[in-house]
Amino acid sequence: CCSAGPRAAAPVRSGAAPGPPGSAGARASLRRRPTPRGSLLPDELKANVKIKSITPRPPRKPRLERAASLDEKNWKRWRRFRTSQESLTDPNETSSSNGSLQEAALTSPIRGRAAPCAQCCEPNSLHSSPDASEESPMGKSKGSTSDLGKRASEISSAFGGLLRGKAFAGSKPRLSQIMPARPLPPMELNVASHTLRTANKIDPDLMDYRHYSQHKFGRVSNSFSDTRLHGNGTLYDNCSTDSMKSTFSLLTPIRSKDVRSRSYLEGSLLASGALLGAEELSRYFPDRNIGIFVATWNMQGQKELPENLDDFLLPTDPDYAQDMYVIGVQEGCPDRREWEIRLQETLGPHYVMLYSAAHGVLYMSVFIRRDLIWFCSEVEYATVTTRIVSQIKTKGALGICFTFFGTSFLFITSHFTSGDSKVNERKLDYNKTIQALTLPKVVPDTNPYRSSSGDVTTRFDEVFWFGDFNFRLNKDRETVDSILNQNPETGVSKLLAYDQLTSEMGRGSIFKGFQEADIHFRPSYKFDIGKDSYDTTSKQRTPSYTDRVVFRSRYRDDIQAVKYSSCPVIKTSDHRPVFALFRVKVRPGRDNIPLAAGQFDRELYLIGIKRRITRELQNRRQQKDQKSSSICSIS
């Protein structure tokens, strides 16, 4: 199969005689003897002479590559996918990809090269050059393009099978296995990564609570949408949905062994899982302090209510709203229900009215965050009339009490006797109130050893007393006006030197054990309705601090005053509303007290929220009408 082709002989130099056959001279003469073109060597010389057979080849043409068309790309991609499917479905591993790889391993990887024949190329035979094994132009033209493309696609599919982890078994060639430089990290049980699993968790420790609960408690909650995804084969396991939605709940999982366990501490302060215990209190108030808003306002019996109560109930100074709102009103408006609806509308859906009571024209409303109503005891109230004629209930006191966790609260709003010189009458009103208020009634006292039967304020942990106390300034109108006009900031401290209530509390004749925050606002009485000027009528009443908020506590530093101010923007009465913000310490309690069971005025809640939405829609409609309207002026 390997033969020497025709070759042109080299020119022979003259002047040398040939030697005997087989000698060096004979070989030299043979090389010098001219041989006709195309003639073959004698047969006797073939055994002794080694001649390289060279096949002539045409000059190489430049290889031109063209860009594959879109159809060819699609065909190659389909062919690669087809061969990969065959390799995966072939149980005996005799797929086209394996076979093609085996053939490619046994043959030369260079296109256009032919393998030498083993029968004719023996060790004693003539040595052929590397170029001798190359096909002739005629043989290269005979090879069809489809065969070459088929072989190329088989090789590519074979390497694709290797990338997919297809191993070769038996006598088939096996590629060397690539070993990692270091041991691989352990594979997680979850398909989703740790970052995706904890992306939507709101707990600071970023634990995989779903995986934890699945192994610890054996209960995993799946929504219907997750079930459909699993049924369609879209997801591998339940944990794959952790990156799609958060499954962590604010409710702490309860272990079965905790439910089975019994303890003699159940119902006490230290019991685990107690409704009013320390554990539950720390969940809602880690610092064990709540914010309380206390306000008083003498409405002067006006039917007209302010259009907006935001500046009164939601001042801009503190960044956050309070946990509890207690509003006391003296000489309230005729429509008490309308006043309560306005309060609910202003506070919004986050608050509910825990309780409301009235004594004539004395109103008090208690609002609390709706998440906290479960920790309130039953609410009790009592009233006291300080007028001689009890039918006229314009002067007196109204008290509301309840227990929040383990801390008892008492709120009293009062309207004492008016008049510049009736200080003793006002002290009598105070003494009658602390003796006649019969509270608490059913709710037990949190510390009966420190209580007194003659003073209602000693029977509660935290007491807030607010209202129109009617204490005046012992100074004439001209002097007070001159102090206010000279320097309003320093004038307040000068005016308090003439305040009746400050001097009486200093003597200990009234509000024993009570405190009052520092006053930095102007006198809240008496204004002209709708104006910022004080009384300009013929009576020329002296401006005074008649509206006050005082507080006391059984334990030192339990109440911290945050803000004490008035609301000058509400001008529908001759009094300005006065409010105070407090931070109050709360202690855990026992579960043996009568609870309110989450009761609140639901009807008021629905009416207030509905009105709140209606008012917002009206405001938006008005703004839209103002934007759409335009005025054209012709000059």
Side-chain angles (χ1 to χ4, degrees), residues 293-314 321-322 324-370 372-373 376 378-385 391-402 411-415 464 466-468 529 547 567 570-579 596-619:
F293 175 94
V294 179
T296 177
W297 184 26
N298 189 322
M299 302 178 68
Q300 202 185 6
Q302 298 290 333
K303 296 181 179 180
E304 181 183 359
L305 295 175
E307 295 182 1
N308 194 344
L309 296 176
D310 291 348
D311 296 330
F312 176 32
L313 301 177
L314 305 170
Q322 307 305 307
M324 192 182 305
Y325 284 81
V326 183
I327 303 98
V329 171
Q330 306 82 41
E331 299 183 17
C333 61
D335 193 350
R336 171 190 161 200
R337 190 63 173 176
E338 178 64 23
W339 166 246
E340 295 172 354
I341 293 174
R342 292 294 300 276
L343 294 176
Q344 179 69 74
E345 177 188 354
T346 304
L347 294 177
H350 298 288
Y351 296 87
V352 295
M353 192 174 74
L354 179 65
Y355 200 79
S356 177
H359 178 62
V361 290
L362 285 174
Y363 306 153
M364 188 189 298
S365 302
V366 179
F367 287 83
I368 192 171
R369 291 186 61 172
R370 64 183 186 186
L372 305 177
I373 58 176
C376 298
E378 292 182 357
V379 185
E380 301 172 338
Y381 86 102
T383 60
V384 174
T385 301
Q391 286 78 8
I392 305 175
K393 299 178 182 178
T394 57
K395 298 294 189 293
L398 168 64
I400 292 180
C401 69
F402 60 92
F411 299 93
I412 304 175
T413 181
S414 297
H415 194 186
F464 298 90
F466 47 97
D468 184 2
I529 297 178
D547 307 283
C567 185
I570 295 181
K571 307 174 183 179
T572 57
S573 172
D574 58 350
H575 290 255
R576 294 291 184 263
V578 175
F579 65 90
Q599 295 180 0
F600 64 95
D601 195 332
R602 179 171 176 79
E603 181 182 0
L604 177 72
Y605 178 83
L606 296 177
I607 295 175
I609 300 307
K610 182 178 180 180
R611 187 175 295 185
R612 183 185 178 98
I613 298 174
T614 304
R615 191 180 298 273
E616 180 65 21
L617 293 176
Q618 291 177 356
N619 294 336

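We use all heavy atoms of the structure for the numbers below, so side chains are in, but hydrogens, waters and symmetry mates are not. Values in this document were obtained by computation on a predicted structure and should not be read as measured data.
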Heavy-atom check, side chain of Met324 versus side chain of Arg369, under 4.5 Å: no

Please report the shortest heavy-atom distance between Ala397 and Ser414, naming the atom on each side. CB-OG, 3.4 Å

Keeping the roles fixed (side chain from His415, backbone from Thr394), state whether a donor-acceptor pair exists under 3.5 Å. yes

Going by the angle between their ring planes, with limits at 30° and 60°, are Phe312 and Trp297 parallel, tilted or perpendicular? perpendicular

Quick one: which of Asp468, Asn298, Thr413 gives a side-chain hydrogen bond (donor to acceptor under 3.5 Å, both in side chains) with Gln330? Thr413

Could you report the tightest heavy-atom contact between Leu305 and Cys333, atom names first, then the distance? CD2-SG, 4.0 Å

With a 3.5 Å cut-off and no angle check, do the side chains of Gln302 and Thr572 form a donor-acceptor pair? no

Spacing of CE belonging to Met364 relative to CD1 belonging to Ile327, to within rounding of 0.5 Å: 10.0 Å

Please report whether the ring centroid of Phe402 lies less than 6.0 Å from that of Tyr355. no

Distance check, rounded to the nearest 0.5 Å: Lys610 atom NZ versus Gln344 atom CD? 15.0 Å

Roughly how far, to the nearest 0.5 Å, is OG of Ser365 from CZ of Phe411? 12.5 Å

Point-to-point distance, once rounded to the nearest 0.5 Å, from CG of Leu347 to CD of Gln322: 11.0 Å

Does Glu338 CD have over 12 foreign heavy atoms under 6.0 Å away? yes

Does a side-chain N-to-carboxylate-O contact under 4.0 Å join Arg612 and Glu616? no

When rounded to the nearest 0.5 angstrom, what is the spacing between CG in Leu362 and CD1 in Ile412? 12.0 Å

Any side-chain heavy atom of Met299 within less than 4.5 Å of one from Glu331? no

Over 12 non-hydrogen atoms of neighbours within 6.0 angstrom of CZ in Arg342: yes

Begin with the C-alpha distance, continue with both residues' side-chain angles, and end with the deciding distance and a verdict on side chain to side chain contact (heavy atoms under 4.5 Å, CB included) for Asp601 and Val352. CA-CA 7 Å; Asp601 195 332; Val352 295; over 6 Å; no

Could you check if a side-chain atom of Arg337 sits within less than 4.5 angstrom of a side-chain atom of Glu603, using non-hydrogen atoms only? yes

Looking at Tyr363 and Glu340, would you say the former's side chain and the latter's main chain have a donor-acceptor pair under 3.5 Å? no

Nearest heavy atoms of Arg370 and Pro349, plus distance in Å: NH1-O, 3.3 Å

Between Pro306 and Ile570, which heavy-atom pair has the shortest distance, and what is it? CG-CG2, 3.7 Å

Taking side chain as C-beta onward, heavy atoms only, is Val379 less than 4.5 Å from Leu354? yes

I want to check something: taking the side chain as every heavy atom from C-beta on, are Thr346 and Asp310 in contact at a cut-off of under 4.5 Å? yes

For Phe600 and Tyr605, take the angle between the two ring planes, folded into 0 to 90°, and tell me which bin it lands in: parallel under 30, tilted 30 to 60, perpendicular over 60. perpendicular

For the residue pair Ser573 and Ile529, what are the closest heavy atoms and their distance? C-CG1, 4.2 Å

Can you measure from NE2 (His359) to CG (Leu398) and round to the nearest 0.5 angstrom? 8.0 Å

Does a side-chain heavy-atom distance below 4.5 Å link Leu314 with Tyr325? yes

Between Gly348 and Ile609, what is the shortest heavy-atom contact and its length? C-CD1, 3.6 Å

